[in-house]
S.K.: 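Quick one: the structure is below, questions incoming.
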Amino acid sequence: MEVVNLQDLVRGIRNHKEDEAKYISQCIDEIKQELKQDNIAVKANAVCKLTYLQMLGYDISWAAFNIIEVMSASKFTFKRIGYLAASQSFHEGTDVIMLTTNQIRKDLSSPSQYDTGVALTGLSCFVTPDLARDLANDIMTLMSHTKPYIRKKAVLIMYKVFLKYPESLRPAFPRLKEKLEDPDPGVQSAAVNVICELARRNPKNYLSLAPLFFKLMTSSTNNWVLIKIIKLFGALTPLEPRLGKKLIEPLTNLIHSGISVLPPIPAPGEGVLVPRGPEWVSALAMVLTAVLTKLSVAVLISLSSGMPNHSASIQVRPSLGGDHGVPHLKYLGLLAMSKILKTHPKSVQSHKDLILQCLDDKDESIRLRALDLLYGMVSKKNLMEIVKKLMTHVDKAEGTTYRDELLTKIIDICSQSNYQYITNFEWYISILVELTRLEGTRHGHLIAAQMLDVAIRVKAIRKFAVSQMSALLDSAHLLASSTQRNGICEVLYAAAWICGEFSEHLQEPHHTLEAMLRPRVTTLPGHIQAVYVQNVVKLYASILQQKEQAGEAEGAQAVTQLMVDRLPQFVQSADLEVQERASCILQLVKHIQKLQAKDVPVAEEVSALFAGELNPVAPKAQKKVPVPEGLDLDAWINEPLSDSESEDERPRAVFHEEEQRRPKHRPSEADEEELARRREARKQEQANNPFYIKSSPSPQKRYQDTPGVEHIPVVQIDLSVPLKVPGLPMSDQYVKLEEERRHRQKLEKDKRRKKRKEKEKKGKRRHSSLPTESDEDIAPAQQVDIVTEEMPENALPSDEDDKDPNDPYRALDIDLDKPLADSEKLPIQKHRNTETSKSPEKDVPMVEKKSKKPKKKEKKHKQKERDKEKKKEKEKKKSPKPKKKKHRKEKEERTKGKKKSKKQPPGSEEAAGEPVQNGAPEEEQLPVRGTSAPPPRTCDIRGSLQEDSQVTVAIVLENRSSSILKGMELSVLDSLNARMARPQGSSVHDGVPVPFQLPPGVSNEAQYVFTIQSIVMAQKLKGTLSFIAKNDEGATHEKLDFRLHFSCSSYLITTPCYSDAFAKLLESGDLSMSSIKVDGIRMSFQNLLAKICFHHHFSVVERVDSCASMYSRSIQGHHVCLLVKKGENSVSVDGKCSDSTLLSNLLEEMKATLAKC
Amino acid sequence: MIKAILIFNNHGKPRLSKFYQPYSEDTQQQIIRETFHLVSKRDENVCNFLEGGLLIGGSDNKLIYRHYATLYFVFCVDSSESELGILDLIQVFVETLDKCFENVCELDLIFHVDKVHNILAEMVMGGMVLETNMNEIVTQIDAQNKLEKSETFIFQSPRQDR
């Protein structure tokens, strides 16, 4: 098969314009064939093509495994292709991504800087929380790499690591800080970049870095760094006002020096590919950022010192007004204004005309910015004017997007801070009504919500609102748009509700009732019809009351007849809600009709249906109701039934429910007989039931009266209503009225003032002749009472629910100045990277490889230990069933030995014979990973605690050879004390199969359970891993010996202990005691404790100077207490434990650890 | 942070797409289409900043773009980036492409999208600006190309596609 490269593929696609999809699917088939080949070059080429197809929108996730294969190629060319494909297509959901951990680690420690670089770049795109946790330490080491190229990449990627694994921030921060002063400008810039990103989210934690950044700002010449630092200071100054004063001078200098390098500003959108040098832009960017920050700083200072500062506005003006030809600057000027607006609104408000002018700009970006500014600029005084201006724009606007944006902005502006700026709600209602004439808007719902909100909360406006709404209901133009989803017809929802709820304010209720019962209404969306039906009854109830009070019995009956005539059109509705409500109400009205026929007054009872007032409830009210003390919402009220029972019950319940539901859908007349029969039966039953309270006898004939659908008289209504809504006052009129009103008000005030002044002594002059009136002077037109939303009593005043719990940056809100606690170390300890070339085994395979069979695959097995954070101790009472949730327990094991395809090389026995001391991983000698050595196979082993005397050992097997490993079996020679849990029926000598196969370069984890009898002594178990290695040349059966070492420390579980409990434990006297002393220790006490905590799973109970008490507990419940004292050059450890053997063994292990300090 | 970098031509055909947040292939195509729609309808002499991409981003994000001959270079960034700074970065990117491809044109990007990715990787890493110094970028690219050449190719055709 001829191999097609990327260029051929692109050319092919361009040549098949008509049947591109077909051609590409053909290509994908070819690619699949290529991926099956063993030649890595062919594979890489195929992956390269896939990356291109991914850009065109083709899913390539099926090739994830092949991508990993190409990533693990030894050649940089291929590796780069693999990592690029991974960065384009991998994400957290990619399941094979966990297989990359070891490959990436290997590449990170590669001697070639470009291998490392390409791995870092790739990782930055697809890092997951697991990868971040496992590789954090490797990357941290790279931050001090000798090559700046690696350093800057490692520094930058740390931000991604922090985001995915926030625990790494504190341990890594000191080194990150160090990099701010790196000699290489690239590294420095990367560090500034990372810290600025961090500080942007949680600035207060980075205040202590201010002096360092101050120094950088005055010394750096890199515009990029300067921009970032200036932005950072912008975020810091609000927290520390003193900073502002110091910043003014350097910022001014920067602005001046920046302006001096500025060449003339070019026009945007230059069509040439390579115009001028980039300096001007970055310099300009820097200057602008500096100007901005200086302004906000200046404003801050002026605020804190209480002096008015108007220079801010004057300085922004040139950037906005002076450079009319440069839209970039216009945009940035508006952006700047919106920032200043937050701190100093007055200075921006004076530019209102300029900003309103920007609404006419042809550039939508600038218009939107200006709109944004207007939001912050409105006051009681200018609201009407601004909204009027916006309304004219709404009329002019082309394109629904911008018009919708205008609409939402108008509503936002008016409704902000609880309608603070609205002085005349009649005006606002009329604005809303005017907005309903917009065609094709998506925001009908928004307008409806506003109408409801205003009508409910501003009691004084209800009368007006109701009259407007009834006019809306009467007009036909809204009904016309009913086909559109969320269109303007949503307004009818609000209109119907308001007219129904506040029907007492209606002037012509009968007219409105008829409008709501028109046949055209049935074309509205279901939820609106449902509201119509409900509110028709409210309206009906109030009409009934009016008529009855007026003694017009005939009028009342006529209304009832209207209802009976028109309601059936809703009963037929396809919408269940409408149908259900209409059926209920129809029956109710018919009942009323009968009562009316007998001249029974019914109005009281009918209106009682809707008695009481609905109060607005805050949206968060429910959440804020405090849970009463002693109420456990999670507790069962009744214990749930057992599984078997509920299984039996479910099908029955389903059946039962179905049966119940069916009659509802049937037309009522179909089962008349059935109903009558049932009613009879029920009556019979009720009669026989002595506890049933009988209702007063009333005529119960409604079922018989139900008319068939055919009998409904269809009334034709003439719908030739003019589109212009008659009787709707224009909002413009209100503006005029309002102006007049204000004028009058002012005059009156002035008059009053004058009178007062005349009364006062003439010497006292007041500044009553102010040319402008302040906001406070404008009294609202109506005495409005804005009802605040109800909150439950003793609501919790917390604002916590405003924060998004999923915000990834919240996790990074970490106090960085606190000293690092022991528990905060990165989970993968340093020995992972430093473990190292000392390995004696490393040389063996290399020599052999070179001298004997250079092509032979070799496998080397090595083992590493992996420490897992341990969680709280499990209670012993837990059920004997093996639990899924295991407590991770450190344990380690060492597998060694290497082998060649045919026979066991000499020396492997020896190598296999070295167990590793638990808790002393620094000394562990491990073969070097990945460098020049042939790919070995590693076993990462970690243990996790399962039962009180069971331990789970997790063995990570990694295939570092080029063969596929199959049929793996693990056999362990049991000792008296420790046994491996095997499947039932297998003998002690049988191997336990490993439940997976390993293709080259892949690792996977298998878990095995061991039962330990006594934990007071360390254990060593010998074992063998047998497997079949298969490659092109055939398959060979191979074996590998290893040893598992269970140290005493590995049976301990870090358990926190309070000092009083600790003291009690010591006093109890049933602990045996032992002690050790180690000399020649230079390590700090803090680190020493950290080491003990980490390797031996203790927790610090209390620390006083150079003396600390520590506590831990074994999996079998032994208490272990330590008193660690540091002398001049020595450390003494006194231990107390409920088992003396365990204690002495533990202390021995500890001695070995401490000896290395 | 940079959320995405897109290059497409005057007809909206993607020439390079780099997303620094995970999106499905379908969403990526939608984003490219939407961005093209937003950017292409703008006049030549309006500002190069644009808010309101619905699919990518949200309120904090904006599109910063430049139009060169037949190609649009669009960066989607959040508020931590300086608008003019990103315009500058696009310029650096284009100039670097020009140096590496010697008089770059759309065809270079069409046939060598992998190389464009490699150049971009030296400038932006995981959405953060890595290097803005053009000489440094070109040096690293050259060194990597040399390394690539030193590794023998089995399948590479000798043709040069331009």
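Every value quoted in this text rests on a predicted model; they were computed, and no experiment measured them. Values below: every heavy atom of this structure, side chains too, minus hydrogens, waters and symmetry copies. Residue numbers begin at 1 in each chain, while the letters A, B, ... track the order of the sequences.
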S.K.: Quick check on B:Q144 against chain A: is it the side chain, the backbone, both or neither that has a heavy atom closer than 4.5 Å?
M.R.: both
S.K.: Could you go step by step and tell me if B:F49 and A:R369 meet the side chain to side chain contact (heavy atoms under 4.5 Å, CB included) rule?
M.R.: CA-CA 11 Å; B:F49 319 119; A:R369 273 275 129 237; over 6 Å; no
S.K.: With a 4.5 angstrom heavy-atom cut-off, could you sort out which part of B:Q140 is near chain A: side chain, backbone, both or neither?
M.R.: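 It is both, since atoms from each part get that close.
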S.K.: Considering only heavy atoms, which portion of A:Y114 lies under 4.5 Å from any heavy atom of chain B: side chain, backbone, both, or neither?
M.R.: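 Only the side chain of A:Y114 comes within 4.5 Å of chain B.
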S.K.: Within a radius of less than 6.0 Å around NZ of B:K146, do more than 12 heavy atoms belonging to other residues, nucleotides or ligands occur?
M.R.: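 Atom NZ in B:K146 is not packed in, count stays at 12 or less.
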S.K.: Where is the tightest heavy-atom contact between A:Q7 and B:F111, given as atom of each residue plus distance?
M.R.: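 Heavy atoms only, the tightest pair is NE2-O, 2.8 Å.
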S.K.: Heavy atoms only: give me the nearest A:K160-B:G126 pair and the separation to one decimal.
M.R.: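 Heavy atoms of A:K160 and B:G126 come nearest at CE-O, 2.8 Å.
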S.K.: Specify which of B:L16, B:V113, B:L97, B:L130 makes the most heavy-atom pairs with chain A at under 4.5 Å.
M.R.: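 The option with the most such pairs is B:L130.
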S.K.: To the nearest 0.5 Å, how far apart are NE2 in B:H117 and OH in A:Y52?
M.R.: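 Those atoms lie 11.0 Å apart.
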S.K.: Got a second to check how far B:F19's CZ is from A:S89's OG, nearest 0.5 Å?
M.R.: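 Reported value, rounded in 0.5 Å steps: 13.5 Å.
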S.K.: Can you name the nearest heavy-atom pair linking B:C47 to A:S365, along with the distance?
M.R.: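 Between these two residues, the closest heavy atoms are SG-CB, 3.9 Å.
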S.K.: CD1 of B:I110 to CG of A:L6: how many Å apart, nearest 0.5 Å?
M.R.: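 Here the interatomic distance stands at 11.5 Å.
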S.K.: Please classify the contact of B:S79 with chain A as side chain, backbone, both or neither, using a heavy-atom distance under 4.5 Å.
M.R.: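 Both backbone and side chain.
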S.K.: Taking all heavy atoms of B:S17 and all of A:M55, pick out the closest pair and write down the distance.
M.R.: OG-CG, 3.5 Å
S.K.: Heavy-atom distance under 4.5 Å to chain B: side chain of A:F126, backbone, both or neither?
M.R.: neither
S.K.: Would you mind checking which part of B:E81 comes under 4.5 Å of any heavy atom in chain A, side chain (CB onward), backbone (N, CA, C, O), both or neither?
M.R.: both
S.K.: Within the 4.5 Å heavy-atom criterion, are A:E197 and B:S80 side-chain neighbours or not?
M.R.: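 Of all side-chain heavy-atom pairs linking B:S80 with A:E197, at least one is under 4.5 Å.
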S.K.: What's the shortest heavy-atom distance between A:R80 and B:N145, and which atoms?
M.R.: NH2-OD1, 4.1 Å
S.K.: Nearest 0.5 Å, what's the CE-SG distance between B:M128 and A:C196?
M.R.: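 Nearest 0.5 Å value for the CE-SG distance: 10.0 Å.
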S.K.: Among B:L89, B:N118, B:D43, who wins on heavy-atom pairs under 4.5 Å with chain A?
M.R.: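 Looking at each option in turn, the highest pair count goes to B:N118.
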S.K.: Would you mind checking which part of A:L232 comes under 4.5 Å of any heavy atom in chain B, side chain (CB onward), backbone (N, CA, C, O), both or neither?
M.R.: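 Neither part; nothing is under 4.5 Å.
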S.K.: Checking A:Y331 against B:E51: is there a side-chain donor and acceptor pair closer than 3.5 Å?
M.R.: yes
S.K.: If we define contacts as heavy-atom pairs under 4.5 Å, which of B:Q28, B:E131, B:R42 has the most with chain A?
M.R.: B:R42
S.K.: For side chain to side chain contact (heavy atoms under 4.5 Å, CB included), just list the numbers for A:K75 and B:E148, CA-CA rounded to whole Å, side-chain angles, deciding distance to a tenth of an Å, and then say yes or no.
M.R.: CA-CA 8 Å; A:K75 279 188 178 155; B:E148 201 172 31; over 6 Å; no
S.K.: Side chain, backbone, both or neither: which part of A:T51 has an atom under 4.5 Å from a heavy atom of chain B?
M.R.: neither
S.K.: Can you check whether A:N193 reaches B:M125 side chain to side chain, under 4.5 Å on heavy atoms?
M.R.: no
S.K.: Determine the option with the most heavy-atom pairs under 4.5 angstrom with chain A, choosing from B:V124, B:D114, B:I86, B:I32.
M.R.: B:D114
S.K.: Under a 4.5 Å cut-off applied to non-hydrogen side-chain atoms, are B:E25 and A:S61 in contact?
M.R.: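 Heavy-atom side-chain distance check fails, nothing below 4.5 Å.
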S.K.: For B:N133, is it the side chain, the backbone, both, or neither that has a heavy atom closer than 4.5 Å to a heavy atom of chain A?
M.R.: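 Neither part.
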S.K.: Given that the side chain runs from C-beta out, which part of B:K18 has a heavy atom under 4.5 Å from chain A: side chain, backbone, both or neither?
M.R.: both
S.K.: Measure the spacing between CG of B:L120 and CG of A:L84 and express it to the nearest 0.5 Å.
M.R.: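 B:L120 atom CG to A:L84 atom CG measures 10.0 Å (nearest 0.5 Å).
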S.K.: Sort A:K152 into side chain, backbone, both or neither according to what part of it lies under 4.5 angstrom from a heavy atom of chain B.
M.R.: both
S.K.: Between A:V194, A:L156, A:V10, who has the most heavy-atom pairs with chain B when the cutoff is under 4.5 Å?
M.R.: A:L156
S.K.: Among A:H91, A:K228, A:Q113, A:Q54, which residue has the highest count of heavy-atom pairs closer than 4.5 Å to chain B?
M.R.: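 When all of A:H91, A:K228, A:Q113, A:Q54 are compared, A:Q54 has the most.
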